[in-house]
J.: 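Dropping the structure in here first, questions after.
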Amino acid sequence: MTAHGCVVVFDLGGVLIDWNPRHLYRKLFQHEAEMEDFLANICTAQWNLQQDAGRSFTEACAALKLEHPDKADMIDAWFERFDEMMAGPIAGTVDILAELREKEGPVYALSNWSAETFPLAQRRFEFLQWFRGIFLSAEVRLVKPDPRIFKYFCEKFELRPEQIVYIDDLQHNVEAARTIGMHAIRFRDPASLRQELVQLRLLASRAHIEHVAAWVLDLDRASSFYEHWFHAASTPEYSSKMREFRSRFLSLDGGSRLELMVSPQETPRHAHIAISVGSRPAVDRLVKEMEQAGVQIVSGPRVTGDGYYEAVIADSEGNLVEITA
């Protein structure tokens with residue numbers, strides 16, 4: 001699948017909105033085990049799914065309170081304090097949605113959600129206004145993973161399944177979307193989602209080589225070489241106040257840069273490449289993910305003496321890579 005003609009469709013809860021009843025019920029129960037028992041045996045996911053399918057909360061709560069009168073207040077809190085189950089937006093995914101919107105690609109939402117509680121989300125989250133269309137399970141009284149809801153979605157917005165890239169955090173919903181021909185992605189985290197959308201050419205990669213660095217013996221002579229033969233434009237020399245270190249950046253046509261560095265302790269050689277990922281938070285997120293995956297972190301994110309925000313890692317061959325904002 002390529003970007004041409006693609007339509008991106010997002011699930012909402014667990015993808016763009018951090019919805020979880022535990023955000024509320026941790027405030028109401030003193031003990032985690034008691035809360036988990038309540039969610040597993042009283043206000044269950046299956047019980048809530050019936051409201052997503054169109055049943056009213058008045059009816060749902062009344063029936064449940066007959067079975068569990070001692071938990072009446074807890075049961076009523078599900079609807080009365082529903083807003084507290086939404087901790088906030090999942091920022092990285094909202095950023096992706098914003099980028100798709102800026103590219104003027106059509107974006108839609110398809111979600112299991114009660115018609116009674118969805119207005120709460122609409123009032124809180126401005127990005128819900130960015131969609132070309134939103135399709136809720138309550139509209140058709142069907143819930144995912146029933147394949148019919150995906151078919152009704154396509155019919156309503158006059159879309160073909162094969163042109164849709166569908167994103168959902170639940171595997172059974174992903175599999176159901178695939179059965180009718182959609183390209184479905186299991187959402188795990190914003191970074192992984194971004195990578196998949198880059199591979200589909202729906203997003204451009206944010207990473208680019210910011211510069212390549214080399215150690216030299218004679219800074220002026222090396223700078224003159226690139227200025228003469230490659231018409232490079234040189235920056236003023238930087239000299240560290242902390243150690244014996246001097247450097248100069250040379251810019252080439254197209255934006256590529258070469259950093260030439262000199263220090264008594266270093267011999268002439270290629271030193272590192274620097275890859276920019278766009279922002280300080282992006283540096284922090286990527287380095288944290290790399291560390292969790294076992295990548296060698298040579299030095300953590302910091303502001304260098306010449307003003308860069310960077311971390312240094314070793315690639316699979318041991319080459320040094322600076323990750324910069």
J.: Can you name the side chain to side chain contact (heavy atoms under 4.5 Å, CB included) partners of Q50, sequence neighbours left out?
T.: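 Partners of Q50 under the side chain to side chain contact (heavy atoms under 4.5 Å, CB included) test: R55.
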J.: For E32, enumerate each residue passing the side chain to side chain donor-acceptor pair (under 3.5 Å) test, keeping only those at least two apart in sequence or located in another chain.
T.: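 Once residues adjacent in sequence are excluded, the partners of E32 under the side chain to side chain donor-acceptor pair (under 3.5 Å) criterion are R26.
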J.: Taking side chain as C-beta onward, heavy atoms only, is Y226 less than 4.5 Å from L260?
T.: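 The answer is yes; the side chains approach within 4.5 Å.
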J.: Which residue pairs pass the side-chain hydrogen bond (donor to acceptor under 3.5 Å, both in side chains) test with at least one member in residues 278-289, sequence neighbours excluded?
T.: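 Output for this query lists D284-Y309.
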J.: Please check if the side chain of T93 supplies one atom and the backbone of V15 the other of a donor-acceptor pair under 3.5 Å.
T.: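 Yes, T93 side chain to V15 backbone: donor-acceptor pair under 3.5 Å.
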J.: Taking salt bridge (Lys or Arg N to Asp or Glu O under 4.0 Å) as the definition, give me every residue that meets it alongside R124, ordered by chain and number, with sequence neighbours left out.
T.: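 For R124 the salt bridge (Lys or Arg N to Asp or Glu O under 4.0 Å) partners, ignoring immediate neighbours, are D83.
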J.: According to side-chain hydrogen bond (donor to acceptor under 3.5 Å, both in side chains), does anything in residues 108-117 pair up with another residue at least two apart or in another chain? List the pairs.
T.: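 side-chain hydrogen bond (donor to acceptor under 3.5 Å, both in side chains) check on residues 108-117 returns W113-T117.
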J.: How would you list, by chain and number, every residue that makes a ring pair (Phe, Tyr, Trp, His ring centres under 6.0 Å) with F29, sequence neighbours excluded?
T.: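 For F29, the residues satisfying ring pair (Phe, Tyr, Trp, His ring centres under 6.0 Å) (neighbours in sequence not counted) are F38.
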J.: By side chain to side chain donor-acceptor pair (under 3.5 Å), which residues pair with E291, not counting sequence neighbours?
T.: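 Partners of E291 under the side chain to side chain donor-acceptor pair (under 3.5 Å) test: none.
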J.: Please list, chain by chain and in numerical order, all residues satisfying ring pair (Phe, Tyr, Trp, His ring centres under 6.0 Å) with F150, sequence neighbours excluded.
T.: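 Only Y166 meet the ring pair (Phe, Tyr, Trp, His ring centres under 6.0 Å) criterion with F150.
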J.: Side chain to side chain donor-acceptor pair (under 3.5 Å) with Q265: which residues, sequence neighbours excluded?
T.: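 Counting only residues at least two positions away or on another chain, Q265 forms a side chain to side chain donor-acceptor pair (under 3.5 Å) with S263.
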J.: Going by the salt bridge (Lys or Arg N to Asp or Glu O under 4.0 Å) test, which pairs reach into residues 85-112, not counting sequence neighbours?
T.: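 Those involving residues 85-112 are E99-R194, E99-R206.
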J.: Please list all pairs meeting ring-ring contact (aromatic ring centres under 6.0 Å, His included) that have one or both residues in residues 259-288, counting only residues at least two apart or in different chains.
T.: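 Counting only pairs at least two positions apart or across chains, the ring-ring contact (aromatic ring centres under 6.0 Å, His included) contacts touching residues 259-288 are H211-H272.
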J.: How would you list, by chain and number, every residue that makes a side chain to side chain donor-acceptor pair (under 3.5 Å) with D76, sequence neighbours excluded?
T.: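 By the side chain to side chain donor-acceptor pair (under 3.5 Å) rule, D76 matches K65.
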